[in-house]
2 protein chains.
Amino acid sequence: MVRPGGRSARVQRSVHEAVRDLTAESGRDALTVPLIAARAGVTPSTIYRRWGDLQELLSDVAVERLRPEAPPEDRGSLADDLTSWAELFLDEMASPAGRAYIRDALLGDPDGSNAGQCSAYAAEQIDAVLSRAADRGEKTPEVEMVIDRVVSPIMYRILFRPTGLDAAYARRLTAEVLDDGR
Amino acid sequence: MVRPGGRSARVQRSVHEAVRDLTAESGRDALTVPLIAARAGVTPSTIYRRWGDLQELLSDVAVERLRPEAPPEDRGSLADDLTSWAELFLDEMASPAGRAYIRDALLGDPDGSNAGQCSAYAAEQIDAVLSRAADRGEKTPEVEMVIDRVVSPIMYRILFRPTGLDAAYARRLTAEVLDDGR
DNA sequence: GCTTCTAAGGCAATCCCTTTGCTTTAAGAT
DNA sequence: ATCTTAAAGCAAAGGGATTGCCTTAGAAGC
């Protein structure tokens with residue numbers, strides 16, 4: 001039984017807020033469950049019971065922060081829309097903060113649902129860009145193809161090869177998928 | 001000063017061995033530093049001083065296990081070699097054990113060097129396949145292209161979208177990169 | 001070979017994170 | 001208004017993480 005307006009919701013909000021505040025103040029390495037609990041005004045056992053451990057809590061907070069805040073900007077053409085989305089995506093994800101969120105999201109995620117949520121966010125944004133282009137009458141690649149050809153290489157490099165990532169790489173990947181897919 | 005034949009090497013071996021044994025016996029969730037230390041015949045502080053924490057130790061062990069044991073089999077043609085390598089790669093990485101090792105490798109890896117090593121292993125194997133094909137006179141894609149178009153999508157799905165991964169996907173990715181790249 | 005030097009491991013005490021049984025509270029149902 | 005029951009609070013115990021100090025063993029110089 002979910003009680004979205006009640007005490008549970010208040011606790012969830014204050015705990016998430018405490019994580020964000022303490023991360024900003026002292027860095028994520030300084031985070032501990034008792035610290036977060038004290039800041040949030042709850043007892044540690046509440047956090048342990050609801051989230052299991054620190055990593056799962058951080059994973060929750062990370063996914064929340066990786067949620068896109070607005071649909072991709074409309075620049076008038078598929079090529080422009082997709083290219084600028086990919087540049088922005090790379091930029092956000094490859095930043096130190098972005099990398100930290102990705103790691104956290106993957107880390108405390110026993111069943112993969114948080115990671116799946118991240119992927120779903122990207123798919124939504126891409127789908128918005130492609131649908132808009134289709135409405136304009138442009139021929140578009142499949143969402144799956146954009147994920148395989150643009151999102152995957154970017155994420156792979158972020159996770160496994162921390163060097164050589166820049167906007168030009170995002171542009172090249174986008175140009176290639178548009179050449180092949182429409 | 002490295003002392004490869006001495007006590008350090010013995011400790012390293014016995015600790016790694018203890019991790020493997022205990023993982024097999026009791027599962028990775030049951031692992032703790034004191035447990036591993038006891039099995040390895042060392043004190044916990046030794047492990048903390050050498051590896052920092054449990055996650056970094058597990059990351060070390062994971063990378064060791066992700067090292068390929070032999071060069072890819074020679075089946076006579078680039079298409080056959082690359083396809084069967086990709087199928088094997090997907091199979092090993094997507095297995096429960098493979099996923100666990102990937103997670104561990106990424107997890108306890110503050111500077112990204114362990115993850116980089118994993119990527120280097122894959123690049124080596126691919127390079128071996130491509131060089132062999134080039135020696136036969138076949139036209140081959142670049143290693144980078146195979147990583148972007150075959151390895152990345154597979155790893156992305158393993159990490160972010162745990163469903164719908166099978167040998168057919170590996171074959172499709174390989175076929176596409178061979179069509180485009182030679 | 002013997003002495004010297006030093007990186008690495010052992011030991012032990014301390015701190016505090018984690019876990020858990022029991023109690024209390026508050027949101028929703030009747 | 002009363003009842004029910006998730007969920008939070010409390011507190012104690014257990015044990016993992018950390019660190020200063022000491023000991024050991026391998027390597028280098030004589």
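All chains are named by letter (A, B, ...) in the order of the sequence lines, taking the proteins before the strands, and each is independently numbered beginning at 1. Values in this document were obtained by computation on a predicted structure and should not be read as measured data.
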Discussion item. Using OP1 and OP2 only, check whether a side-chain N or O of Ser8(B) sits under 4.0 Å from dA8(C).
Written reply: no
Discussion item. Between P on dG9(C) and CH2 on Trp51(B), what's the gap in Å once rounded to a whole number?
Written reply: 7 Å
Practice prompt. Using a strict cut-off of less than 4.0 Å between a Lys/Arg side-chain nitrogen and an Asp/Glu carboxylate oxygen, indicate whether Asp148(B) and Arg172(A) qualify as a salt bridge.
Written response: yes
Response to the item:
From CZ of Arg13(A) across to P of dA8(D) the rounded distance in Å is 13 Å
Fill in: Separation of dT24(D) P from Arg10(B) CZ (nearest whole Å)
15 Å
Worksheet item: Relative to the 5' end of DNA chain D, which residue comes earlier, Arg49(B) or Leu54(B), by the nucleotide with the nearest heavy atom?
Response: Leu54(B)
Discussion item. Just the rounded figure in Å: distance from C1' of dA8(C) to CD1 of Ile47(B).
Written reply: 14 Å
Discussion item. Is the shortest side-chain heavy-atom distance between Tyr169(A) and Pro153(A) below 4.5 Å?
Written reply: yes
Discussion item. Suppose we call a contact any N or O donor and acceptor under 3.5 Å apart; does that hold for the side chain of Arg50(B) and the base of dG10(C)?
Written reply: no
Worksheet item: Is there a side-chain contact between Val63(B) and Tyr121(B) (heavy atoms, below 4.5 Å)?
Response: yes
Worksheet entry | Arg136(A)/Asp81(A) ion pair, N-O < 4.0 Å | yes
Worksheet item: In residues 36-44 of chain A, which residues come under 4.0 Å of DNA chain D by heavy atom?
Response: Gly41(A), Val42(A), Thr43(A)
Item to complete: Determine, for Arg50(A) against Asp60(A), whether the closest basic-nitrogen to carboxylate-oxygen distance falls under 4.0 angstrom.
Response: no
Worksheet item: Charged N to carboxylate O below 4.0 Å: is that the case for Arg161(A) and Glu144(B)?
Response: yes
Taking only nitrogen or oxygen atoms into account, show me every contact under 3.5 Å that the protein makes with nucleotides 14-17 of chain C, one pair per line with its distance.
none

Worksheet item: So do the side chains of Leu107(B) and Leu58(B) get within less than 4.5 Å of each other, counting heavy atoms only?
Response: no
Discussion item. Between Glu64(B) and Arg20(B), does any side-chain N to carboxylate O distance fall below 4.0 Å?
Written reply: yes
